[in-house]
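Here the structure is laid out as structure tokens; the discussion comes afterwards.
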Protein chains: 2
Amino acid sequence: MNMRRTTIKDVAEAARVGVATVSRVLSGGSASPETRERVLTVAAQLDYRPSALGRNLRQQRSGGIGLLLPDITDTFYARLADGVLACARSAGEPVILSTTGDDEEREAEAIGMLLEQGVDRVIAVPSGDAETWIPTLRAGLTTVFAHRIAAGRDDVPSVLADDRAGVRTAVDYLTGLGHRRIAYLGGPGQQQRLAAFRQALGDLVDEELIVLARGTRDSAYAAAAGLFQHRPDLTAVLAGGNLLGEAAVLAARELDLRVPKDLSLIMFDDVPWAELCSPPLTVISQPARDIGYRAAELVLRAGGRRPRGVSLPTELIVRGSCGPRGTSRSPR
Amino acid sequence: MNMRRTTIKDVAEAARVGVATVSRVLSGGSASPETRERVLTVAAQLDYRPSALGRNLRQQRSGGIGLLLPDITDTFYARLADGVLACARSAGEPVILSTTGDDEEREAEAIGMLLEQGVDRVIAVPSGDAETWIPTLRAGLTTVFAHRIAAGRDDVPSVLADDRAGVRTAVDYLTGLGHRRIAYLGGPGQQQRLAAFRQALGDLVDEELIVLARGTRDSAYAAAAGLFQHRPDLTAVLAGGNLLGEAAVLAARELDLRVPKDLSLIMFDDVPWAELCSPPLTVISQPARDIGYRAAELVLRAGGRRPRGVSLPTELIVRGSCGPRGTSRSPR
DNA sequence: AATCATGATGGAATCGTTTCCATGAACATG
DNA sequence: CATGTTCATGGAAACGATTCCATCATGATT
């Protein structure tokens, strides 16, 4: 059952030509029509598939795209991955997926593994800073950052959602409803978003209303619950990711805060369950899949001039989780 | 900037030994203590990483685990993938991910790609039947099915949730509440689950109350809405997956059916938003991550005797989406 | 002391492909 | 007819690792 796989040599013999000719025919080189046809026929008969192993070794590059994500169970990253996969599939390139858990060390490990595999193209939602990404530069592999960039590596092409505009729209919407004490629930690696929040809020910014969690559900819940208990005077909250939004809804329910009467909530990233929630969540939708797709396009089109960065629009989708500022909650 | 990567030859020269010795030292073979240390030191100094390309070609196998899933944006499969990734990471193996969209043809393509890459281990949630999986057998690669099996390939080891028991528990729970007209909303490739439903329901089974959708959101919604409109007499529904469950909630809301007063709902697979829903959804939870992890263990432990199939328990988590049978809804 | 066993070591073959280069044929141009 | 050009073709050299095998030194056994 375990017969040797058919190699280019087998094809060459069967077609009574040299291996060089077979290789040329199969990779579109020049050959006489009759030879070409004979080789093609034989190759099809033997069901020959060139081994990527041999080819990669020879050409010193393993096709393949490395994809580094913080967490595949986060639907945002899952959609991003889906975009990458779609593009890679149409290019016939395999995708090697690794998750980093937003941990620099794990990220460095994953990069090492990709390097070892000879992968020469990477798409990443970076967790580490410039230093983590030195090896990739030195190894000369094509890198594209998605969703966010590694601090101090502005030279790497990137595909980002327009956080700045998204945050501004959301904050404007909330202030327009009369809210003044607006909190921000952030996750790891979102300086961009946070900065935009501070800027959009201007004088109203209150550092105590800015809370950062780590990437886990527990951490997000703790951050949200802590915030709500500590500052009963806040009337609106902007959650910087779907995990944070989920935590906010849960924490609000636990503390008997009614949304949107007691608390207005806007969440970054539109997810299917936002509509199922009660009330349905007002969100800033991000084109996660497009981000992935565009990143893949960029990393595949390695040769040509690549634009510095692509920015994709966000959209405020108004549902039912925001209302006019009510009477401020009484401290308990 | 683009200097050649350091090879085993460089290390050999720098350590004044032969390449064979370096290889032996690095892969745990025998060597004298002083030589071993010298090689190790030099290798560390040069930051040498053995190229997987060379190794794989020589050994005729590319480490790597191929992972074939219908859809990575479905949180169930995402969690399964997460389990696979966790196990693979601890074994230092890369994971090549492909999605099939529940399409046989795409699955066959993906298999071809993996074969070409020299991948010799595959974990799959199969979409195709036995025929699709012939090439993998012929190529002699280690396969493990997860979540479901390919029709007619009982010989392949698998890791499954105990659907049978899950369905039975759910149906018993519903009948215990007095429900008699219980519908089943199914997805692609779940003969197992459907059969269990029929069996658990016994005499009560009504073929008109069994509806199958394809793997998309739209298809799921259409199936749910159609079912609810067509058969206003049904009082309970079992959704065979989180996409179906989502569709059921949406369709029920659209048709002004109150859950659980007018309609009791149980969903297969526990997802974070099930708790956020109102009412919170009663679900049959499946250990998605464990399924992935166990499958990876199985596929990595290729040599040893591998058990035919692993079955993991499911659990009925009662929340608020089921109630006693109310007065049957009046047809409109 | 001669032989044998053990263990460290390096040279060379190997994996399957691409690609460089030489060869030879066919043909055109002087 | 001689020379140059074009083109198809196949042999052989890479690529970077592992691994077989021969070699040599050392220590043990007869």
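Hydrogens, waters and symmetry mates play no part in the numbers below; they use all other heavy atoms, side chains included. Letters A, B, ... mirror the listed sequences (proteins, then strands); counts begin at 1.
- Note on B:Arg61: nothing from the nucleic acid sits closer than 4.0 angstrom, heavy atoms only.
- Note on residues 288-300 of chain A: pairs passing salt bridge (Lys or Arg N to Asp or Glu O under 4.0 Å), not counting sequence neighbours, are A:Asp82-A:Arg289, A:Arg294-A:Glu297.
- Side-chain contact check for A:Asn56 versus B:Asn56: every heavy-atom pair is 4.5 Å or farther apart.
- Phosphate contact (OP1/OP2 of C:dG7, side-chain N/O of B:Ser30, threshold under 4.0 Å): absent.
- Panel note: side chain B:Asp10, backbone B:Thr7; a donor-acceptor pair is recorded below 3.5 Å.
- Looking at A:Arg38, its side chain does come within 3.5 Å of a backbone N or O of A:Ala15 through a donor-acceptor pair.
- We find that CZ of B:Arg16 is positioned 14 Å from C1' of C:dT9, with the value rounded to whole Å.
- No donor-acceptor pair closer than 3.5 Å links the side chain of A:Gln286 to the backbone N or O of A:Ala161.
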Quick tally for nucleotides 16-28 of chain D: nucleotides whose base has a protein heavy atom under 4.0 Å get B, sugar-phosphate-only ones S, the rest -, giving BBBB---------
